[in-house]
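Remember, it's 1-based here, ligands and their atoms both numbered in the order they're listed. Because the structure is predicted, anything quoted here is derived from the model rather than measured.
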Amino acid sequence: MKTKRPGKYQFGSGELTERQIKRRTLLAFSVFIICFSMGCLAFARLYNQPPVANDVQPTLRNVLEANEKLFSLFYSRSREAKVFRKTDAAADVRQNGDIGMDGELDTTWRLQVVRSPGDTILVSLDDLKALPKTEVVFDFKCVEGWSQVTWWGGVRFSDFMKKYNLATQMSLKFVGMITPDETYYVGNDMPSMLQPQTILAYEMNGEPLPQEQGYPLRLIIPVKYGIKHLKRIGLMYFSNDKPKDYWFEQGYDYYAGL
Ligand SMILES: Nc1nc2c(c(=O)[nH]1)N[C@H]1C(S)=C(S)[C@@H](COP(=O)(O)O)O[C@H]1N2
Ligand SMILES: [Mo]
């Protein structure tokens with residue numbers, strides 16, 4: 001059995017001399033200094049970057065975009081939000097966000113569906129109510145940190161697309177939606193839009209949609225955060241490019257998926 005001798009240390013099976021230890025300590029310290037300097041440089045670069053108007057810093061934007069690519073890879077129609085019972089739904093539904101919600105709308109409202117540039121059809125609330133009704137009860141989440149189980153009824157978006165012969169449009173990558181006054185707008189990826197829980201909602205808690213909840217029609221897209229559930233849809237269009245998105249312009253993640 002080996003005993004420790006002064007000036008020698010045992011490391012695993014081999015023994016190291018004090019010189020070797022000094023050399024290794026120096027090496028470890030150099031590696032630390034190099035890594036630390038690189039970290040400082042990276043931070044300084046990030047910190048000194050000028051913010052771009054209406055956007056986050058370029059480096060952060062690149063990270064966000066890399067995240068988006070990852071997310072969109074994993075997004076699929078099979079994703080479903082957890083469902084709840086109607087009795088779990090809040091009676092007193094929180095109202096949040098009122099951009100593009102000035103005044104009140106009535107039955108003269110029509111949904112404008114831009115099938116292709118220059119080819120727009122008008123759809124009334126009664127037209128939508130004539131389609132099969134789908135209901136969803138899910139945990140509505142806002143990026144501000146609150147969530148609430150809520151119950152919505154309307155037309156499944158995929159049903160709407162099929163009934164209106166919008167198969168070509170369904171093959172595009174995105175759906176854009178805009179309020180009638182054009183002040184709030186969102187873009188959603190087609191796989192999430194065609195997910196079976198996504199509905200064009202005209203009811204809440206089994207009643208006509210209240211004005212502040214987006215009467216006559218709003219989007220309910222349970223796989224996304226609240227920012228994507230546009231209230232008071234005026235116009236809808238389809239494209240392979242990302243439609244403009246209000247909160248994306250403020251620096252939020254484009255997909256805002258859960
Ligand atoms: N037109 C419009 N739709 C909107 C918003 C908005 O400001 N304007 N806010 C969004 C946000 S951030 C959330 S959390 C939900 C809130 O929906 P609620 O008012 O039904 O709770 O609506 C979304 N849809
Ligand atoms: Mo929100």
S.K.: Return yes or no for this condition: an N or O of W146 is under 3.5 Å from an N or O of ligand 1.
M.R.: no

S.K.: For ligand 1, which atoms sit closer than 4.0 Å to a heavy atom of G97?
M.R.: 6 (C), 7 (O), 9 (N)

S.K.: Measure the distance from atom 1 (N) of ligand 1 to every protein heavy atom, then report the residue, atom name and distance (to 0.1 Å) of the closest one.
M.R.: I99 O, 2.9 Å

S.K.: So, is W247 polar-close to ligand 1, with some N/O to N/O distance under 3.5 Å?
M.R.: no

S.K.: I want to check a possible cation-pi pair here: K244 against Y185, using under 6.0 Å from ring centre and within 45° of the ring axis as the test.
M.R.: yes

S.K.: Can you check which of R218, Q148, M204 brings a heavy atom nearest to atom 20 (O) of ligand 1?
M.R.: R218

S.K.: Atom CZ in R115, atom CD in Q112: separation rounded to 0.5 Å?
M.R.: 13.0 Å

S.K.: For atom 12 (S) of ligand 1, which protein heavy atom lies nearest, and how many Å away is it?
M.R.: I227 CG2, 3.6 Å

S.K.: What protein heavy atom sits nearest atom 3 (N) of ligand 1, and how far off is it?
M.R.: K231 N, 3.0 Å

S.K.: Give a yes/no verdict on a cation-pi contact between K173 and F238, requiring under 6.0 Å between NZ or CZ and the six-membered ring centre and an angle within 45° of the axis.
M.R.: no

S.K.: Nearest protein heavy atom to atom 5 (C) of ligand 1, by residue and atom, and its distance?
M.R.: Y184 CZ, 3.7 Å

S.K.: Give the numbers and elements of all ligand 1 atoms closer than 4.0 Å to a heavy atom of H229.
M.R.: 22 (O), 23 (C), 24 (N)

S.K.: Can we say K224 and D189 salt-bridge, meaning some charged N sits less than 4.0 Å from an Asp/Glu carboxylate O?
M.R.: yes

S.K.: Strictly under 4.0 Å, does any heavy atom of Q213 approach an atom of ligand 1?
M.R.: yes

S.K.: For atom CG of D106, is the number of surrounding heavy atoms from other residues, nucleotides or ligands below 6.0 Å larger than 12?
M.R.: yes

S.K.: When the ring planes of F140 and W152 are compared, do they come out parallel, tilted or perpendicular, using 30° and 60° as the limits?
M.R.: tilted

S.K.: What atoms of ligand 1 come closer than 4.0 angstrom to any heavy atom of C142?
M.R.: 14 (S)

S.K.: Donor-acceptor pair, S124 side chain versus D127 backbone, under 3.5 Å?
M.R.: yes

S.K.: Using the side chain to side chain donor-acceptor pair (under 3.5 Å) definition, which of the options K133, K129, Q213 pairs with E203?
M.R.: K133

S.K.: Tell me if a side-chain donor or acceptor on R156 pairs with a main-chain N or O of P196 at a distance below 3.5 Å.
M.R.: yes

S.K.: For ligand 1, which is the ligand I care about here, please tell me if Q95 has any N or O atom under 3.5 Å from one of the ligand's N or O atoms.
M.R.: no

S.K.: Do we get K242 above Y254's six-membered ring, with its NZ or CZ under 6.0 Å from the centre and within 45° of the axis?
M.R.: yes

S.K.: Give me the residue, atom name and distance of the protein heavy atom closest to atom 11 (C) of ligand 1.
M.R.: G226 O, 3.6 Å

S.K.: Can you find an N/O atom of E212 closer than 3.5 Å to an N/O atom of ligand 1?
M.R.: no

S.K.: Taking the non-hydrogen atoms of E144, is any one of them nearer than 4.0 angstrom to ligand 1?
M.R.: no

S.K.: Mind checking whether W152 has an N or O less than 3.5 Å away from an N or O of ligand 1?
M.R.: no

S.K.: To the nearest 0.5 Å, how far apart are CD1 in I221 and CG in L230?
M.R.: 11.0 Å

S.K.: Mark up the atoms of ligand 1 that fall under 4.0 Å of a heavy atom belonging to T179, in ascending order.
M.R.: 1 (N)

S.K.: Is there a heavy atom of F140 sitting under 4.0 angstrom from any atom of ligand 1?
M.R.: yes

